[in-house]
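All values below come from the heavy atoms of this structure, side chains included, with hydrogens, waters and symmetry mates left out.
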Amino acid sequence: MGQVPERPSLDGLEARWGARWEADGTYRFDDGRPREDVYAIDFPPLTVSGSLHVGHVFSYCHTDFLARYQRMRGRAVFYPVGWDDNGLPTERRVENYHGVRCDPSLPYDPGFEPPPGPVKAKAKRPISRPNFVELCRRLTDADEQVFETLWRQLGLSVDWSLAYTTIGERARRASQRGFLRLLAGGEAYQAEAPTLWDVTYRTAVAQAEIEDREVPGVAVRARFGADAAGPDLVIETTRPELLPACVALVAHPDDDRYRDLVGTTATTPLFGVPVPVVAHRLADPGKGTGLAMICTFGDLTDVIWWRELRLPVRSIVTRDGRLQAEPPAGVPANAAWAELAGQTTAEARRRAVELLRTTGGLAGEPRPVTHPVKFYENGDRPLEIVTSRQWFVRLLDHRERLLELGRALEWQPPWMQTRYEHWVRGLHSDWLVSRQRFFGVPIPLWYPLNEAGEVDHEHPIAPDEARLPVDPSTDVPDGYQATDRGRPGGFTGDPDVFDTWATSSLTPQIAGGWEEDPERFAKVFPMQLRPQAHEIIRTWLFYTTVRSDFEHGTLPWSRAAISGWVVDPDRRKMSKSKGNVVTPTAMLERYGADALRYWAAGGRPGTDTAVDEGQMRVGRRLAIKLLNSARFILGLADDGPGAGHPAAALDMAMLAGLDAVVADATQALEASDWTAALERAERFFWSFCDDYLELVKDRAYQEGTPAGASARVALRAALDIQVRLLAPYLPYTCEEVWSWWRDGSVHLAPWPEPAPARAAADRRPLEAASQVIAAIRRAKSQARLPLRTPVARAEVSGPPAWLDAVRAAEADLAAAGRVAAFGYRERPHAEGLDTRVELATAEEATT
RNA sequence: GGGCGUGUAGCUCUGCUGGCCAGAGCGCGUCGCUUACAACGACGAGGUCACAGGUUCGAGCCCUGUCACGCCCACCA
């Protein structure tokens, strides 16, 4: 037990209690508890790269409210924290900072040490994948230290001893094991296929990582030569640079303008290549001229046309986003090609327009347009479509099953399920899991090389699970020697890594000890809660469901709680590019963690919330009020444990009202409605301070009387309950107050429950007294007199039962309102109470 | 183009399966340093519940349509 300070303050609470919780292991998961007691949370791995803003804080707080509530309910909360550190942004920073680039063909150099400090190198130094990964990990380790400090300060009650990283050994092992099992089960396959490709990062990307952006472009009308001697055929395109990649023209089968042309041949401008005119239902008569050129590949529709119409490939865009040096088969290496070869697609576009213009191939002037273009969500150049060999996980075959799982999951809010539903219904390709990057989990496969030194992709060599994790760029498959690497008849490692989602889709398995701690895993999996933001339903939530179903045949959790966005005060989504990002550090410094959490609590599940410093101020005020009221209550005489129950009707009324609050708050939190629970508790607390506390203050000072003891016992009981009700929201303040007169942590104290003994108590005395004291204060305020002004007489009228309620609190009212005399008038049919106040100064007011 | 959501005091929001003379906090105004709290308290003024129809004894809440905003998705010529 501690001491009640003279002047309570919020300063220093975060440092003091943060250290204490860590030292005491307050939030440690207890492995000894049975499965039915466990509440396991699949918490989003904290992002170390990218910009940090209050949006993160916002949703993490929501989870923490629920975790703290469940812990107080007596559950063994499994609340691990992860670091999501594998991925592209980290690679980018390492490349730029150290002036290096990864070359997976190089052997590991154990002695490699980057120069200290940033390197400004034009040509980046090539280093091996293991060396590169080492640098990435050094960088993320340092970042994680900084971030951990912040998250700790925020008061997240995660179990830091369960921390994992998505690039760490456990994660790599789980990720590779999971993949090998998919491979063995036939759910993972490789294919050579056109895929969306980011030319900056030079990697394939999956459907889920794409976003549309409106960008300026030009609509160009180009003339194709018609079969026979007919007039030119005019197509409209925004990608004239792909003319050499054109393999056909397409129109809708019902389009009368072009019906007769289907089956004939057209000739491309600039290159004179003959291409067939074909019909397909996806050709839109309303767009452009109704006649479109099919290129390999300008967009995803091209891919569909190419596949369904069995067209040849004439690819011209290379993996770095430039047109290749040599034209594809069937296209002449003429002067036009010489103009375009080697150019970026953007530059080639401009040149193609000029070429068309000078050769008369242009039909009308190019028209500036704004149109949606697909981008990789982290990229800044439009995606191209290139053909490459990639690994996929089957999704389309399992669509129905995945839809069923989505329906079996408890969604909060429920309408978020439609996001999932639509996504699964709209899937058009399997999950592309391979990435041509380096700081990720390596694909754990090797391939044999035949006698000609060619890679035999059809017979991948998988390691035994016991060897995991492996890095095929340095590890050697069983049955081979290190010297066999790259040699005809030898082997080569798969150069790629997994998509980060392929690993983070296993967070329940990684955190829960899948195949590594079977006893624990059986206790925590499937988990109870998956909190996350709605923009990653299609990725994290979806993929986790997929992996859990493939591996365990079950949903990974029973409930998904989807949080909303944080928007800026103008209700715009917060993003770095808009420059409207609010960082949590500044807010923490200015208002404190409890205040920030209070603001976050105002965001209902699934709804967007604006950054509102006003709410943070209110939260801070609430915390200070709690400290001060606790100081007052605990500063009164302590009647000890033998004081018995409160006897006064007003005291029992207050406690009975508080019991109702407890019941409501509990119900709300059971439904994960942290906002309603806080609102209820907070509202009670303020009226408790404003009315009840003021009413009984005088009596509470009386020592040695039963009435005084009753007030003091009630005050302490009410404080005890309210501190526990608010503990999930204001963990620091509540812990501080708790420590003044209680042992142990409030966060391990039992959640309050209504007392049966008070269930029948009449709540009217407090309500009636509050009304009367309000009327008295109003009278004084309207008379512009201080509140200490005496009242000569207060006459209360109303129904008899309510008058009795007032009488029960008359002594307290007299003291609090300085009322000399009370009068009562029965008005049996009145709606409520009416109080006439005669001030001692002879002035008068009525309400 | 499809879908989801939102629209209530100047601002941020509550209002559960329809009964309210419509609530809270912030902000604003007036008063007050009353022995927990002036980083405070008391009191008060603020609203055609987006719009138009409809159902009902009765609608902020239900139905239909319209408008505005946000987000998600879509084959982007």
Side-chain angles (χ1 to χ4, degrees), chain A residues 4 7-10 211-215 217 219-222 235-239 242 249-250 280-284 286-295 298-305 369-374 382 413 415-419 421-423 425-426 428 534-535 537-538 564-565 567 569 571-573 599 602-604 606-615 617-618 620-622 624-636 675-676 679-680 682-683 686 689-690 693-694 697 701 773-774 776-789 816 818 831:
Chain A
V4 183
R7 185 158 170 67
S9 160
L10 295 176
E211 64 186 29
D212 284 356
R213 294 183 202 159
E214 287 284 336
V215 296
V220 178
R221 294 200 172 199
I235 60 101
E236 183 168 280
T237 180
T238 53
R239 303 208 56 185
L242 295 181
L249 297 187
V250 64
H280 193 275
R281 67 193 148 77
L282 287 184
D284 184 347
K287 283 186 182 163
T289 61
L291 189 65
M293 68 168 180
I294 302 176
C295 304
D299 61 31
L300 290 174
T301 319
D302 280 341
V303 178
I304 295 170
W305 281 327
V369 293
T370 305
H371 62 151
V373 173
K374 288 198 187 309
W415 44 263
M416 284 295 182
Q417 197 219 320
T418 56
R419 296 265 177 111
E421 191 93 8
H422 289 165
W423 176 253
R425 286 185 192 286
H428 57 63
H534 55 64
E535 82 273 21
I537 288 174
R538 63 176 179 169
W565 291 99
V567 293
R571 302 211 70 82
R572 291 181 312 164
K573 186 174 150 185
W599 160 74
R604 290 192 129 70
T607 59
D608 294 349
T609 301
V611 174
D612 187 353
E613 294 193 35
Q615 282 305 105
R617 275 192 289 272
V618 174
R620 191 174 169 82
R621 209 165 64 100
L622 174 65
I624 292 171
K625 188 79 170 177
L626 184 59
L627 290 177
N628 283 318
S629 58
R631 186 195 153 221
F632 168 71
I633 292 166
L634 298 175
L636 296 166
T675 310
E679 208 165 51
R680 199 78 177 76
E682 186 193 7
R683 188 180 294 261
W686 283 107
C689 290
D690 294 345
L693 211 147
E694 293 299 331
K697 191 182 274 180
Y701 282 129
I773 193 72
I776 292 169
R777 287 196 285 238
R778 197 178 305 124
K780 292 175 182 178
S781 183
Q782 281 171 358
R784 306 197 160 199
L785 289 168
L787 286 179
R788 60 173 182 277
T789 307
R818 304 199 173 211
E831 292 277 315

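Rounded to a whole angstrom, the distance from the P atom of B:C33 to that of B:C20 is 41 Å. B:G23 and B:G15 have their C1' atoms separated by 7 Å, with the value rounded to a whole Å. Spacing between B:C67 and B:C51 at atom P, rounded to whole Å, works out to 16 Å. Between B:U30 and B:U66, the distance separating the two C1' atoms is 45 Å to the nearest Å. Rounded to the nearest Å, the gap between the P atom of B:C11 and that of B:G47 is 13 Å. Taking the C1' atoms as reference points, B:C73 lies 32 Å from B:U14, given to the whole Å. Between B:U64 and B:G29, the distance separating the two C1' atoms is 44 Å to the nearest Å. Between B:U34 and B:C16, the distance separating the two P atoms is 43 Å to the nearest Å.
For A:Arg680 and B:G25, the CZ to C1' distance is 16 Å, given to the nearest whole Å. The nearest whole Å value for the distance from the CZ atom in A:Arg213 to the C1' atom in B:C73 is 17 Å. B:G41 atom P lies 4 Å from atom NZ of A:Lys625, rounded to whole Å. For A:Ile776 and B:A42, the CD1 to C1' distance is 13 Å, given to the nearest whole Å. We find that CZ of A:Arg621 is positioned 8 Å from C1' of B:G25, with the value rounded to whole Å. If you take CZ of A:Arg425 and P of B:G2, they are 18 Å apart, rounded to a whole angstrom. One atom, CZ of A:Arg620, and another, P of B:C26, lie 16 Å apart when rounded to the nearest Å. The CD-P distance, from A:Glu214 to B:C73, rounds to 14 Å in whole Å.
Salt bridge A:Arg419/A:Glu421: absent, no basic N to carboxylate O contact under 4.0 Å.
In this structure, A:Thr238 and A:Ala219 approach most closely via the heavy-atom pair CG2-CA, 4.3 Å.
Within 6.0 Å of CZ on A:Arg777 lie more than 12 heavy atoms contributed by other residues, nucleotides or ligands.
Among the nucleotides B:C4, B:A74, B:U30, the one closest to the side chain of A:Arg784 is B:U30. Here B:C75 is the nucleotide among B:G5, B:A74, B:C75 with the atom lying nearest to any side-chain atom of A:Thr301. For A:Gln782, the listed nucleotide lying nearest its side chain is B:C43; candidates were B:C43, B:C4, B:C71. Proximity note for A:Ser781 (side chain, C-beta onward) versus B:A42, B:G23, B:A39: the nearest is B:A42. Side chain of A:Asp212, nearest nucleotide from B:C4, B:U12, B:A74: B:A74. In this structure, of B:C33, B:U12, B:C4, it is B:C33 that holds the atom nearest to the side chain of A:Arg788. The side chain of A:Asn628 sits closest to B:C37 out of B:C37, B:A42, B:C4.
Nucleic acid contact class of A:Leu282 (heavy atoms, under 4.0 Å, all strands): base. Here A:Ile537 lies out of heavy-atom contact (under 4.0 Å) with every strand. Nucleic acid contact class of A:Glu682 (heavy atoms, under 4.0 Å, all strands): none. Contact annotation for A:Val618: backbone-only contact, meaning every heavy-atom pair under 4.0 Å involves sugar-phosphate atoms and none involves a base. Residue-level contact check: A:Asp690 touches the backbone only, with heavy atoms under 4.0 Å from sugar-phosphate atoms and none from bases. When heavy atoms are screened at a 4.0 angstrom cut-off, A:Trp686 is found touching the sugar-phosphate backbone but no base atom. Heavy atoms of A:Leu787 sit under 4.0 angstrom from at least one base atom. Within the 4.0 angstrom heavy-atom criterion, only backbone atoms of the sugar-phosphate kind lie near A:Thr238; the bases stay farther away. A:Ala219 comes within contact range of no nucleotide atom at all, as no heavy-atom separation falls under 4.0 Å.
Using Watson-Crick or G-U wobble geometry with both donor-acceptor distances under 3.5 Å, B:C33 finds no partner in any strand shown. The pairing partner recorded for B:G1 is B:C73, the criterion being a Watson-Crick or G-U wobble arrangement whose two distances lie under 3.5 angstrom. Using the Watson-Crick or G-U wobble rule with both distances under 3.5 Å, B:C51 pairs with B:G65. Summarising the base pairing, B:A45 is matched to no nucleotide, lacking a Watson-Crick or G-U wobble pair whose two defining distances lie under 3.5 Å. Summarising the base pairing, B:U56 is matched to no nucleotide, lacking a Watson-Crick or G-U wobble pair whose two defining distances lie under 3.5 Å. Base pairing of B:C16: no nucleotide in any strand meets the Watson-Crick or G-U wobble criterion (both distances under 3.5 Å). Nucleotide B:G27: unpaired (no Watson-Crick or G-U wobble partner with both distances less than 3.5 Å). Nucleotide B:A9 forms no Watson-Crick or G-U wobble pair with any nucleotide shown, as no partner meets the under 3.5 Å limit on both distances.
In terms of phosphate contacts, A:Lys697 brings no side-chain nitrogen or oxygen within less than 4.0 Å of OP1 or OP2 of B:U34. For A:Arg777 and B:C43, the shortest distance from a side-chain N or O to OP1 or OP2 is below 4.0 Å. In this structure, A:Arg538 reaches the B:C73 phosphate: one of its side-chain N or O atoms is under 4.0 Å from OP1 or OP2. In this structure, A:Arg778 reaches the B:G44 phosphate: one of its side-chain N or O atoms is under 4.0 Å from OP1 or OP2. A close approach under 4.0 Å does not occur between any side-chain nitrogen or oxygen of A:Lys374 and OP1 or OP2 of B:A74. For the pair A:Arg617 and B:U12, the criterion of a side-chain N or O lying under 4.0 Å from OP1 or OP2 is not met.
Residue order along RNA chain B, read from the 5' end via each residue's closest nucleotide, puts A:His422 first among A:His422 and A:Arg419. Nucleotides of RNA chain B nearest to A:Arg818 and A:His371 differ in position, and the one nearer the 5' end is that of A:Arg818.
Here the CH2-CD1 distance, from A:Trp423 to A:Ile537, works out to 11.5 Å after rounding to the nearest 0.5 Å. In this structure, CH2 on A:Trp305 lies 5.5 Å from OG1 on A:Thr301, to the nearest 0.5 angstrom. Between A:Leu622 atom CG and A:Arg617 atom CZ the span is 15.0 Å, to the nearest 0.5 Å. Remark: A:Arg538 CZ to A:His422 NE2 distance equals 14.5 Å, nearest 0.5 Å.
For B:C72, the base adopts the anti conformation, since its glycosidic angle falls more than 90 degrees from zero. Anti is the glycosidic conformation of B:G41, whose angle departs from 0 by more than 90°.
With hydrogens and angles disregarded, a donor-acceptor distance shorter than 3.5 Å links the side chain of A:Lys780 to the backbone of A:Thr789. Although no hydrogens or angles enter the test, the distance criterion places no donor-acceptor pair under 3.5 Å between the side chain of A:Lys374 and the main chain of A:Asp212.
Remark: A:Arg680 fails to qualify as a cation-pi partner of A:Trp686 under the 6.0 Å distance and 45° angle criteria applied to the six-membered ring.
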